[in-house]
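Here is how names work: the chains are called A, B, and so on, in the same order as the sequence lines, proteins then strands, and each is numbered from 1.
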Number of protein chains: 2
Amino acid sequence: MARTPTHPDVSQFDLQTVLEALVDPVRRSIVAQLDAAGADIACGGFDIPVSKSTATHHFTVLREAGLIRQYYVGTSRMNALRRAEMDETFPGLLDALTARRAARRGG
Amino acid sequence: MARTPTHPDVSQFDLQTVLEALVDPVRRSIVAQLDAAGADIACGGFDIPVSKSTATHHFTVLREAGLIRQYYVGTSRMNALRRAEMDETFPGLLDALTARRAARRGG
DNA sequence: ATCGAAGTTTGACAGCGATCGAACTTCTGC
DNA sequence: GCAGAAGTTCGATCGCTGTCAAACTTCGAT
């Protein structure tokens, strides 16, 4: 595993790529969990119904789309939601997809 | 072809289905063209790089997701964007995906 | 009735993407 | 050093989806 995985710059964000990342329910769940937690989460800390190798695949897709930033802490790989950068490029998109909006309207 | 094709009710709108519909560039283009035109458009009136049978498939997907409403006028099948209903269920989603926001910010 | 225009239906195909298990790497703790 | 924990990589399925051509249906105009 590379010490410093590839992260796209904000200028390289692409709507098609981001959509293809977010259309998968597992990946959308990952983003939603990060958003709800408001904190970084290790790969193993998510509640997702797939094997480790599949999880690795999903995190890679999210990272390459620019949705998350990954960094190592010991043997754990932490995941951070790049929300501000996403909001800057695609305003309203994450709000519309993470069901935050519903919770916010409610209270 | 059925006289009255199946259209889901707003209460049946499903985010996963809508996303799967909008992740395809051709379908997103159809929605964008409808949105930009602000008027209904016949199937043959779109600028899309696919055959007629493929186009039929895309319109079906969009209709079953609730994104468009279809009705016949003679031999032409008209397509209407169900924007208000979509906005009601998924506020901000179409704005984020049809690049309207960019145009609106500009002027 | 006939012909053309506009879509639909059907069947087939190709490619992609999600999924898994197994083997491997790397770090932590003892 | 050794064992275990946390991920990654590799290879192989497998189902789904976008695509098209060909044949068909329906409507409008002549």
Side-chain angles (χ1 to χ4, degrees), chain A residues 1-7 14-34 37 39-80, chain B residues 1-7 14-34 39-65 67-80:
Chain A
M1 36 185 166
R3 204 105 222 77
T4 308
T6 304
H7 290 94
D14 173 61
L15 178 59
Q16 185 62 36
T17 305
V18 170
L19 270 184
E20 284 169 4
L22 289 175
V23 77
D24 185 281
V26 174
R27 289 194 289 264
R28 213 160 59 251
S29 170
I30 290 172
V31 169
Q33 289 178 48
L34 275 174
D40 302 356
I41 303 179
C43 288
F46 290 89
D47 182 21
I48 47 177
V50 294
S51 69
K52 290 206 298 179
S53 53
T54 301
T56 294
H57 167 63
H58 286 313
F59 287 117
T60 302
V61 171
L62 287 172
R63 172 168 48 77
E64 292 183 342
L67 281 156
I68 62 173
R69 194 176 295 277
Q70 296 191 294
Y71 59 97
Y72 277 98
V73 173
T75 168
S76 288
R77 190 165 215 173
M78 300 299 298
N79 301 278
Chain B
M1 39 183 164
R3 204 102 224 76
T4 308
T6 304
H7 289 93
D14 172 61
L15 177 59
Q16 184 61 36
T17 306
V18 171
L19 270 184
E20 283 169 4
L22 291 174
V23 77
D24 186 279
V26 173
R27 290 195 288 265
R28 213 159 60 250
S29 170
I30 290 173
V31 169
Q33 288 179 49
L34 276 173
D40 301 357
I41 304 178
C43 287
F46 290 88
D47 181 22
I48 47 177
V50 294
S51 69
K52 288 207 298 179
S53 52
T54 300
T56 296
H57 166 63
H58 285 313
F59 287 118
T60 303
V61 172
L62 286 172
R63 171 167 48 75
E64 293 183 341
L67 281 156
I68 63 173
R69 193 177 296 278
Q70 296 190 293
Y71 59 97
Y72 277 97
V73 174
T75 168
S76 288
R77 191 165 215 175
M78 299 299 295
N79 302 278

Inset, instruction - For DNA chain C, determine which residues of residues 56-65 of chain A have any heavy atom closer than 4.0 angstrom to one of its atoms, and list them numerically. - result: A/H57, A/H58

Legend entry - Test side chain to side chain contact (heavy atoms under 4.5 Å, CB included) applied to A/L62 and A/I30, A/D24, A/V18, the passing residue: A/I30

Inset, instruction - Remember a base hit wins even if backbone is also touched, and classify B/T54 as base, sugar-phosphate or nothing at under 4.0 Å, heavy atoms. - result: base

Legend entry - A/Q70 CD - C/dT26 P separation (whole Å): 17 Å

Inset, instruction - Report the nucleotide, chosen from C/dG7, D/dG18, D/dT9, that has the shortest atom-to-atom distance to any side-chain atom of B/C43. - result: C/dG7

Legend entry - A/E20: partners by side-chain hydrogen bond (donor to acceptor under 3.5 Å, both in side chains), with sequence neighbours left out: A/Q16

Inset, instruction - Can you measure from OG1 (A/T60) to NE2 (A/H58) and round to the nearest 0.5 angstrom? - result: 10.0 Å

Inset, instruction - In whole angstrom, give the distance that lies between atom OH of B/Y72 and atom C1' of D/dT26. - result: 9 Å

Legend entry - Which residues share a side-chain hydrogen bond (donor to acceptor under 3.5 Å, both in side chains) with B/H57, sequence neighbours left out: none

Inset, instruction - Could you tell me whether the side chain of B/E64 reaches within less than 4.5 Å of the side chain of B/T17, counting heavy atoms only? - result: no

Inset, instruction - Give a yes/no answer on whether the side chain of B/T75 brings an N or O atom under 4.0 Å of OP1 or OP2 in C/dG7. - result: no

Legend entry - Value in whole Å for how far the C1' atom of D/dT17 lies from CZ of B/R27: 8 Å

Legend entry - Whole-Å distance separating the NZ atom of B/K52 from the C1' atom of D/dA23: 12 Å

Inset, instruction - Scan A/A42 against the nucleic acid and name what it touches under 4.0 Å (heavy atoms): base, sugar-phosphate only, or nothing. - result: sugar-phosphate

Legend entry - Whole-Å gap separating C1' (C/dG17) and CG (A/L19): 16 Å

Legend entry - Atom-to-atom span, CZ of A/F46 to C1' of D/dA6 - whole angstrom: 14 Å

Legend entry - Test item: B/C43 and B/T56 side chains (from C-beta on) under 4.5 Å apart, heavy atoms: no

Inset, instruction - Report which part of the nucleic acid A/S76 touches: base, sugar-phosphate, or nothing (heavy-atom distance under 4.0 Å, all strands). - result: sugar-phosphate

Legend entry - Backbone N/O of A/L22 and side chain of A/R27: donor-acceptor pair under 3.5 Å: no

Legend entry - Euclidean distance, atom CE of residue A/M78 to atom P of C/dC27 [Å, nearest integer]: 17 Å

Legend entry - Distance, rounded to the nearest Å, where A/Y71 contributes OH and C/dT26 contributes P: 22 Å

Inset, instruction - Please tell me which of B/G44 and A/E20 maps to the more 5' nucleotide of DNA chain C, matching each residue to the nucleotide holding its nearest heavy atom. - result: B/G44

